[in-house]
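Report on one structure; see the data block that follows.
On a predicted model such as this, the values are computed, not experimentally measured, just so you know. Worth knowing before you read on, the calculation uses all heavy atoms, side chains too, and leaves out hydrogens, waters and symmetry mates. The first residue of the sequence shown is numbered 1, and numbering continues consecutively from there.
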Amino acid sequence: MAKHSEIEWLASDGMPMHAVRWQPNSEPTMVVCLIHGLGEHTGRYANMAKYYTSRGIEVLAFDLRGHGKSGGQRGHNDDFQQMMRDIDQFLYKVSGIDVGKPLFIYGHSLGGTLTIKYALSHRGQFKGVILSSPLFKPTFEPPKWKVLLGRFVQSFWPTLSLSSGIEPRVLTRDKMQLESRMADPLMHGKISAKFGTQMLNEGERLLEEASLVDFPLLVMHGDADELTCHQASILFARRAGPQCTLKIWQGFYHELHHEPEKEDVFDYCIDWMKRTL
């Protein structure tokens, strides 16, 4: 049985933050820091974390500001740099990780955007980086009115809350997971005008920076993802070069870790991490 603990901490700007830590019963062989996606929280990764800990891997994660049990307006962040500071502070001042153990960072969807941005500016800190369904571009074209509205109002009303437009049915083929999500009071479907605009801009910019990757990187995406574009992941991987491993999961939806074949995904990640060592 994995040891589960919760951590409450204050970010560098005083924002109350919430984190979780899953530890195996034996001495961990490696550590994974997990960054979740838009509208969700760390609790949605408990099954994944339990699978990892059963294989001797420690998992750490925190609720992004504006998400889960962390403070802040739902779906709003003032800027990506503050989120980078949150990751940095969590890893090296809050989490209590054993710095002698191999450290990996794993990001899903929006978390993938944050993860690769952090990794590119903190080279050498990780044994490897894993991106699950990263948000470089949305699969669908956001309504033009929403994009124009977001860009117009962000300068004078940055916290204007809009619907994220995420339909639960496109996330996973597992109906029980969809029901669990719908019943989860910590889930939300909000995004602010400013953060939505920043998120799209960051994804485009990161596609242009893919050639800067000089560390082991695994990019995974389902080709039936209707939320984030798997073709953008293919483009990123091609630009990133030989350091990047690309895995396209045939017929998989957005949440690879919640698909019926999720254990295949977990095993693939663990095998890849072992190979990098």
Side-chain angles (χ1 to χ4, degrees), residues 1-5 19-36 42 45-62 84 87-88 90-109 111-134 206 209-221 233-234 236-249 252 256-257 259 261-277:
M1 195 70 176
K3 291 176 279 187
H4 173 267
S5 56
V20 292
R21 183 180 189 180
W22 292 273
Q23 297 170 279
N25 287 324
S26 58
E27 185 71 14
T29 56
M30 58 185 92
V31 181
V32 174
C33 176
L34 190 152
I35 311 294
H36 69 74
T42 55
Y45 294 81
N47 288 337
M48 175 179 163
K50 288 174 184 175
Y51 193 91
Y52 275 44
T53 55
S54 73
R55 270 67 178 173
I57 302 168
E58 182 174 345
V59 180
L60 301 146
F62 70 94
M84 295 296 101
I87 295 173
D88 197 67
F90 174 67
L91 276 174
Y92 299 108
K93 295 183 179 178
V94 175
S95 67
I97 59 171
D98 182 347
V99 294
K101 294 288 190 297
L103 176 62
F104 292 83
I105 188 167
Y106 179 116
H108 172 69
S109 196
T113 309
L114 296 169
T115 292
I116 190 61
K117 179 178 173 65
Y118 184 84
L120 284 169
S121 59
H122 294 77
R123 287 179 172 82
Q125 291 193 16
F126 305 104
K127 286 292 184 183
V129 176
I130 301 174
L131 307 182
S132 162
S133 311
L206 286 165
E209 295 184 355
S211 62
L212 299 176
V213 170
D214 60 355
F215 44 78
L217 173 67
L218 171 61
V219 178
M220 302 189 299
H221 221 124
S233 283
I234 293 173
F236 185 94
R238 186 166 70 240
R239 290 176 174 176
Q243 287 272 43
C244 180
T245 300
L246 175 68
K247 174 61 176 175
I248 299 298
W249 294 91
F252 280 39
L256 302 177
H257 54 286
E259 285 289 76
E261 307 86 350
K262 56 185 174 292
E263 291 190 359
D264 293 339
V265 178
F266 300 159
D267 287 336
Y268 188 92
C269 289
I270 292 170
D271 289 343
W272 179 84
M273 287 189 288
K274 288 179 177 178
R275 288 199 303 273
T276 66
L277 300 178

Has His108 got a side-chain atom pairing as donor or acceptor with Ser132's backbone, closer than 3.5 angstrom?
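Looks like yes, one N/O pair under 3.5 Å.
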Interatomic distance, [X] atom [atom1] to [Y] atom [atom2] [nearest 0.5 angstrom]:
X	Y	atom1	atom2	answer
Ile130	Thr115	CD1	OG1	10.0 Å
Cys244	Leu131	SG	CG	7.5 Å
Gln243	Thr276	CD	OG1	10.5 Å
Lys247	Phe252	NZ	CZ	8.0 Å

Minimum-distance pair of heavy atoms, taken over all atoms of [X] and [Y]:
X	Y	value
Ser233	Pro134	OG-CG, 3.3 Å
Leu256	Trp249	CD1-CD1, 4.0 Å
Trp22	Ala61	CZ3-CB, 4.3 Å
Ala210	Arg239	CB-CB, 3.6 Å
Met84	Leu114	CE-O, 3.5 Å

Less than 3.5 Å apart, which donor and acceptor atoms pair up between the side chains of residues 93-105 and the rest of the protein, not counting sequence neighbours?
from: Ser95; atom 1: OG; to: Phe90; atom 2: O; distance (Å): 3.2
from: Ser95; atom 1: OG; to: Leu91; atom 2: O; distance (Å): 2.8
from: Ser95; atom 1: OG; to: Ile97; atom 2: N; distance (Å): 3.4
from: Asp98; atom 1: OD1; to: Gly100; atom 2: N; distance (Å): 2.9
from: Asp98; atom 1: OD2; to: Lys101; atom 2: NZ; distance (Å): 3.1
from: Lys101; atom 1: NZ; to: Glu27; atom 2: OE2; distance (Å): 2.7

Report yes if the side chains of [X] and [Y] come closer than 4.5 Å at any heavy-atom pair, otherwise no.
X	Y	value
Val213	Val129	no
Phe62	Ile35	yes
Leu34	Thr42	no
Val265	Glu259	no
Leu217	Phe236	yes
Trp272	Pro216	yes
Phe215	His122	no

Using side chain to side chain contact (heavy atoms under 4.5 Å, CB included), reason through Tyr106 and Met48 one step at a time and then give a plain yes or no.
CA-CA 12 Å; Tyr106 179 116; Met48 175 179 163; 3.4 Å; yes
Compute the ring centroids of Tyr45 and His257, then answer whether they are less than 6.0 Å apart.
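That pair passes the under 6.0 Å test.
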Under 3.5 Å, which donor-acceptor pairs do the side chains of residues 52-59 form with other protein atoms, sequence neighbours left out?
from: Thr53; atom 1: OG1; to: Ala49; atom 2: O; distance (Å): 3.1
from: Thr53; atom 1: OG1; to: Lys50; atom 2: O; distance (Å): 2.9
from: Ser54; atom 1: OG; to: Tyr51; atom 2: O; distance (Å): 2.6
from: Arg55; atom 1: NH2; to: Tyr51; atom 2: OH; distance (Å): 3.0
from: Glu58; atom 1: OE2; to: Arg21; atom 2: NE; distance (Å): 2.6
from: Glu58; atom 1: OE2; to: Arg21; atom 2: NH2; distance (Å): 3.0

Can you pull out every salt bridge (Lys or Arg N to Asp or Glu O under 4.0 Å) where at least one residue sits in residues 112-132? Sequence neighbours excluded, please.
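As it turns out, the salt bridge (Lys or Arg N to Asp or Glu O under 4.0 Å) pairs with a partner in residues 112-132, which skip direct neighbours, are Lys117-Glu202, Arg123-Asp214.
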